[in-house]
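Heads up: the structure comes next, in structure tokens.
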Amino acid sequence: MDYQFAAIEEKWQKYWADHQSFKAEANSDKPKYYVLDMFPYPSGAGLHVGHPLGYIASDIFARYKRLKGFNVLHPMGYDSFGLPAEQYAIQTGQHPAVTTETNINTYRRQLDQIGFSFDWSREVRTSEPSYYKWTQWIFMQLFNSWYNLETDKAEHISTLIEKFNAAGSAEIKAACDEDTKTFMPSDWANFSDAEKQEELLKYRLTYLKESTVNWCPALGTVLANDEVKDGFSERGGYPVEQKKMMQWSMRITAYAERLLQGLDTIDWPEPMKEMQRNWIGKSSGASVKFNVENSDLQIEVFTTRVDTIFGVSYLVLAPEHEWVAQLTTPAQKAEIENYIAQTKKKSELDRMADAKTVSGAFTGTYVVNPVSGERVPLWIADYVLAGYGTGAVMGVPSGDQRDWLFATNFNLPIVQILDSQKEIDVQADPTKEGKYINSGFINGMGYKEAVAFLNQWLEDQGVGKAKINYRQRDAIFGRQRYWGEPIPVYFKDGLPYLLKEEELPLLLPEIDKYLPTETGEPPLGRAEGWKYEGKYEYELSTMPGWAGSSWYWYRYMDAQNDQAFADPKAVDYWKDVDLYIGGSEHATGHLLYSRFWNKFLKDLGFSKEEEPFKKLINQGMIVGESAFAHSIGFNFGEDVTQKFTNEERESYDKIKEKYRFISGKYLSYELIELLKSSNDLEDNSTTEKRQAILSHFWKPVEEDLTAAGLKGKVNKLSLPLGLNFYKTHVPIDYVNTKNEIDIINLEKNDPRFNGAEFNLNGSVFLSSREIEKMSKSKFNVVNPDVLIAQYGADTLRMYEMFLGPLEQSKPWNTNGIEGVFKFLRKFWRLFHNEAWEFTVSDEAPSKAELKSLHKIIKKVQEDIERFSFNTSVSSFMIAVNELTDLKCNKRAILQDLVAVLAPYAPHICEELWSLLGNKDLSTAQYPIFNPEYLVEDEFAYPISINGKMKMNLNLSLTLEAKAAEEAVLANEQVQGFLNGASPKKIIFVKGKIVNIVV
RNA sequence: GCUGAAGUGGUGGAACUGGUAGACACGCAGGACUUAAAAUCCUGUGCCCUCAACAGGCGUGCGGGUUCGAUUCCCGCCUUCAGUACCA
């Protein structure tokens with residue numbers, strides 16, 4: 001039979017499901033290997049061809065590892081809490097759980113038909129109570145923990161209480177809030193329960209605190225820093241503002257250093273690591289305290305250039321700094337208040353766009369430089385951020401360009417501090433070279449010496465010390481939304497208390513609608529009678545999207561367990577993820593939070609590995625090729641010498657508006673280009689063509705104008721100035737590879753184009769193309785279902801791999817898919833005779849056949865190990881082409897070839913494998929590569945003269961340099977190329993090249 | 001601005017440690033089969049000069065350098081993409 005992909009694929013997908021072919025067990029003599037995909041959010045749109053790219057790669061890898069004798073865990077699940085289902089619920093009243101279930105079913109159907117080797121018995125869904133019970137449980141562990149800086153790990157909160165009981169708080173070294181109290185053991189004993197809880201909250205790894213958050217009014221919720229891009233929400237693109245709110249936070253900053261250090265131990269793409277490093281933003285410097293004149297206050301600043309401290313000519317506070325009001329003198333009060341008001345008006349975006357303009361206001365107060373005793377003015381300016389460092393900086397104009405601009409703008413002194421600084425009257429010179437001048441007791445020192453000396457001096461004087469600062473902030477954990485994990489907390493006397501472990505899961509209550517309450521509380525405030533023990537308020541925020549995804553790889557290890565998030569034995573066996581494939585957009589979100597929770601779980605002894613994902617590969621995004629139909633419209637002016645009556649004016653404006661965009665009439669793209677082309681340097685025929693098009697469109701305008709009695713009072717503007725160009729997305733299904741639009745069907749089937757007129761004469765109608773992200777609204781989504789129906793899953797899998805390197809982002813087009821399909825048919829035909837009957841021979845293979853086979857065994861093995869899937873597809877084609885030329889149908893060759901191809905095209909390979917008389921591929925092994933078959937006695941050496949390749953010459957591979965040189969020079973053709981010139985030198989690289997230098 | 005990645009035929013891309021640039025595939029052109037089309041098969045296909053062959057010249061973003069030899073290494077520049085941005 002011919003290659004019947006549909007029947008074959010259905011058959012084997014059923015077989016795999018029935019036989020649980022890919023079920024992994026946590027006990028095996030084989031070494032373990034854990035291949036993980038980033039689990040999807042099941043959106044309503046279903047899968048497009050870009051989604052499976054990473055899944056196909058990981059599936060090939062998983063199947064390959066099984067053939068190589070590994071016990072492979074390759075699971076899949078759904079990150080099923082999220083915003084779209086909730087917004088759909090707000091619009092339609094449909095419960096998010098229902099929408100989610102429907103979407104998951106679509107995803108599952110689509111995933112199944114691609115033939116993935118997932119162990120579905122381990123499926124997880126983050127929105128299932130049996131799953132989020134353990135997300136809540138982890139939250140509770142975090143609440144019950146503090147970070148001990150002495151042991152450098154998280155510990156149970158009870159060890160902190162013991163320390164309070166034994167020695168009070170003075171000696172505690174913890175990652176905690178800044179406003180912790182200093183107290184003696186006796187004080188602690190006398191604290192009321194509420195006071196104790198309040199104090200402990202400042203140490204817990206998840207805590208409630210008044211903090212400045214990113215508030216998104218349109219979504220009605222707060223967002224984490226990584227969910228905000230350029231002042232807009234990542235999802236939905238709504239504006240985000242800063243707001244002070246009581247919020248749950250995760251003390252991820254406690255782990256900043258370990259998150260940074262861990263990056264050096266994992267095999268991740270360098271850009272990913274770099275993004276995380278930037279996000280953590282470690283900088284080392286010093287903190288210095290400046291005394292405020294006529295006050296007890298000390299302003300602490302953080303600087304990375306403590307060596308420049310003698311060059312300080314002013315200090316700046318962030319406008320939001322809490323001391324601004326009390327440090328402003330009465331004389332300056334109005335100015336400062338005015339400046340703060342102005343700053344507040346600016347949105348985050350304005351502030352960023354405004355980066356180059358210098359602004360600020362003087363408080364009237366002076367502070368004292370602790371090293372020089374000099375008094376310098378205290379300013380406020382919005383270039384200082386309240387959220388970073390201490391919200392106060394010292395200004396050193398000679399060494400920092402921003403400080404230089406500020407000083408220049410406000411006439412503050414610019415003091416040179418290093419003898420090597422140049423042209424500081426033109427711009428700042430941030431050099432660290434040279435010796436210090438004008439710098440008191442560090443004069444004459446070099447950079448390193450000065451920093452060490454100053455840090456010590458500041459510490460001795462008690463006015464500062466060396467300090468390491470991180471940009472990363474604690475992660476805001478609460479979301480004012482419905483469709484998320486409820487936080488297992490209730491409030492008693494305004495203080496948060498955890499539920500008991502046995503009370504988990506705290507189920508998401510039913511509510512009447514999915515909007516905030518009338519009093520502005522989160523949607524959970526609508527749940528009637530939803531109270532702990534019938535009287536205490538539950539926390540009304542839910543967890544953020546990243547909560548459920550920050551530990552899910554552990555759940556796959558033991559997905560059904562209701563006693564623990566996973567059996568410790570399973571965790572001990574599977575340990576960590578060996579290969580993780582997913583998009584790079586999760587660099588500072590999911591991947592960072594997951595590393596954080598993993599380290600925490602390890603500290604508490606629930607897992608063993610410091611890092612969860614040993615190797616990470618980012619698949620590139622597949623983007624779409626949108627198509628556009630173009631239309632035009634007119635702008636026209638009026639004859640200024642003739643005045644309009646009111647009536648005329650009115651009808652003129654109407655006509656003007658009507659023809660600004662001429663709807664329902666489209667022009668083929670080459671005509672649009674013609675219209676856009678300039679008047680210069682063109683022949684008359686173009687001008688004529690253009691005039692013809694335009695007069696066609698202008699005719700109705702003229703008629704309308706005449707009817708309104710406006711003829712002669714209106715000017716056609718010169719072209720192309722007077723034209724407007726418009727483009728409309730056309731569904732790409734109606735556009736062929738030559739960019740021709742099927743206008744008949746488009747007009748019939750797409751309501752937007754009903755009754756539309758295309759072109760002037762019904763000729764071929766061209767669209768233009770643009771590369772855009774695939775999305776429904778751009779009508780450029782390619783659905784894998786269609787391709788699978790046409791070519792089968794094996795072709796789709798191989799084609800997606802053939803498209804290019806996995807990591808590279810690339811536009812999708814279906815141009816080459818025929819080639820891959822033809823390859824699979826050709827492969828199928830190797831096993832069949834002319835009449836499409838399955839025929840293989842048991843003859844011994846020839847040397848050439850063995851060579852082809854072992855070349856591909858070696859190549860594919862190497863390619864998969866370095867994730868170069870596209871190159872192995874080419875190699876398969878070469879192998880099959882070679883074997884076809886050799887007319888090879890020998891079992892000894894073909895059986896091994898099937899095993900090598902199986903990870904890429906599993907269905908066709910299972911079929912052939914069983915036709916060859918074997919059980920199924922789960923019993924197969926990857927063929928052993930034998931280098932003997934590739935040994936050659938001869939090699940066609942490229943002979944080059946002065947590095948230019950001239951010819952090939954067959955030489956024995958046993959020849960060494962001397963003999964080879966002689967043989968080359970003895971060759972007539974070589975002599976011909978040399979043309980009498982005598983070689984100066986001959987380079988001979990065995991098995992590679994001969995180069996003759998003349 | 002900073003950080004990172006990348007620029008190769010008409011197109012997607014290959015060349016893994018400096019050693020035959022353009023594998024494999026698409027597209028295109030020509031041919032076979034066919035009444036015809038589709039499908040299939042065969043041949044050619046980087047550019048330039050040439051009727052053509054032989055031969056030659058030019059070619060991996062641009063300009064230099066190192067080397068017997070550079071897509072690969074070094075220096076400078078240009079372009080594109082991604083991330084990030086008043087971070088003190």
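Below, each value reflects all heavy atoms present in this structure, side chains not excepted, and no hydrogens, waters or symmetry copies.
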Q) Parallel, tilted or perpendicular for A:Trp812 and A:Tyr799, by the 30°/60° rule? A) perpendicular
Residue-phosphate contact under 4.0 Å: A:Arg402 side-chain N/O, B:rC87 OP1/OP2 | yes
**Asked** Using the P atom in both, what is the distance from B:rG59 to B:rG64, to the nearest Å?
**Response** 11 Å
Counting only side-chain nitrogens and oxygens, does A:Arg305 get under 4.0 Å of the OP1 or OP2 atom of B:rC87? no
Notebook entry, point to check: What about A:Tyr791 and A:Phe5, are their ring centers closer than 6.0 Å?
Noted result: no
What distance, rounded to whole Å, do you find between the two C1' atoms, one in B:rU20 and one in B:rU72? 15 Å
Expressed in whole Å, how much space separates the P atoms belonging to B:rG44 and B:rC26? 15 Å
Ranking A:Arg825 and A:Tyr388 by the position along RNA chain B of their nearest nucleotide, the one closer to 5' is A:Arg825
Per salt bridge (Lys or Arg N to Asp or Glu O under 4.0 Å), A:Glu862 is matched among A:Arg866, A:Lys858, A:Lys859 by A:Lys858
Syn within 90° of 0, anti beyond: B:rG9 is syn
Quiz prompt | Sugar-phosphate, base or nothing in reach of A:Lys984, heavy atoms under 4.0 Å | solution = nothing
Of the listed B:rC26, B:rA88, B:rG83, the closest approach to the A:Met275 side chain comes from B:rG83
Would you check if the side chain of A:Asn369 reaches a backbone N or O of A:Ile309 as a donor-acceptor pair within less than 3.5 Å? yes
Centroid separation A:Tyr3 to A:Trp836 less than 6.0 Å | no
Practice item. State whether the side chain of A:Asp403 and the backbone N or O of A:Val396 hold a donor-acceptor pair below 3.5 Å, judged by distance alone. Key: yes
**Report entry** P gap between B:rG57 and B:rG19, integer Å
**Finding:** 23 Å
Practice prompt. Determine the contact category for A:Glu270: base if any of its heavy atoms lies under 4.0 Å from a base atom, sugar-phosphate if only primed atoms, P, OP1 or OP2 are that close, otherwise nothing.
Written response: nothing
### Query
What class does the angle between the rings of A:Tyr64 and A:Phe61 fall in, given that below 30° is parallel, 30 to 60° is tilted and above 60° is perpendicular?
tilted
If you compare every side-chain N and O of A:Asn870 against the phosphate oxygens of B:rA25 (OP1, OP2), does one of them come in below 4.0 Å? no
Nearest-Å distance once atom P is located in both B:rC77 and B:rG27: 43 Å
One should read off an interatomic distance between A:Ile857 CD1 and A:Phe929 CZ, to the nearest 0.5 angstrom, of 8.0 Å
Separation of B:rG13 atom P from A:Met801 atom CE, nearest Å, is 14 Å
Is the distance between the ring centroids of A:Phe410 and A:Tyr314 under 6.0 Å? no
Where RNA chain B forms runs of at least three Watson-Crick or G-U pairs (i with j, i+1 with j-1, under 3.5 Å), the stems are B:1-7 with B:78-84, B:10-12 with B:24-26, B:27-32 with B:40-45, B:46-48 with B:56-58, B:61-65 with B:73-77
A correct 5'-to-3' footprint of nucleotides 16-22 of chain B, with B, S and - meaning base, sugar-phosphate only and no protein heavy atom under 4.0 Å, is B--BBS-
The correct set of residues in residues 802-813 of chain A placing a heavy atom under 4.0 Å from RNA chain B is A:Phe802, A:Leu803, A:Pro805, A:Gln808
CG of A:Asn881 to CG of A:Leu886, rounded to nearest 0.5 Å, is 11.0 Å
**Within 6.0 angstrom of A:Glu270 CD, more than 12 heavy atoms from elsewhere** = yes
Taken to the nearest whole Å, NZ/A:Lys822 to P/B:rC26 is 5 Å
**Prompt:** With a non-hydrogen cut-off below 4.0 angstrom, is A:Arg473 in contact with a base, only sugar-phosphate, or nothing?
**Reply:** nothing
(Q) Work out how far the C1' atom of B:rC62 is from that of B:rC49, and round it to whole angstrom. (A) 26 Å
With P as the reference atom in both, quote the distance from B:rG63 to B:rA14 in angstrom, rounded to an integer.
25 Å
### Task
Rounded to whole angstrom, note down the P distance from B:rC16 over to B:rG4.
24 Å
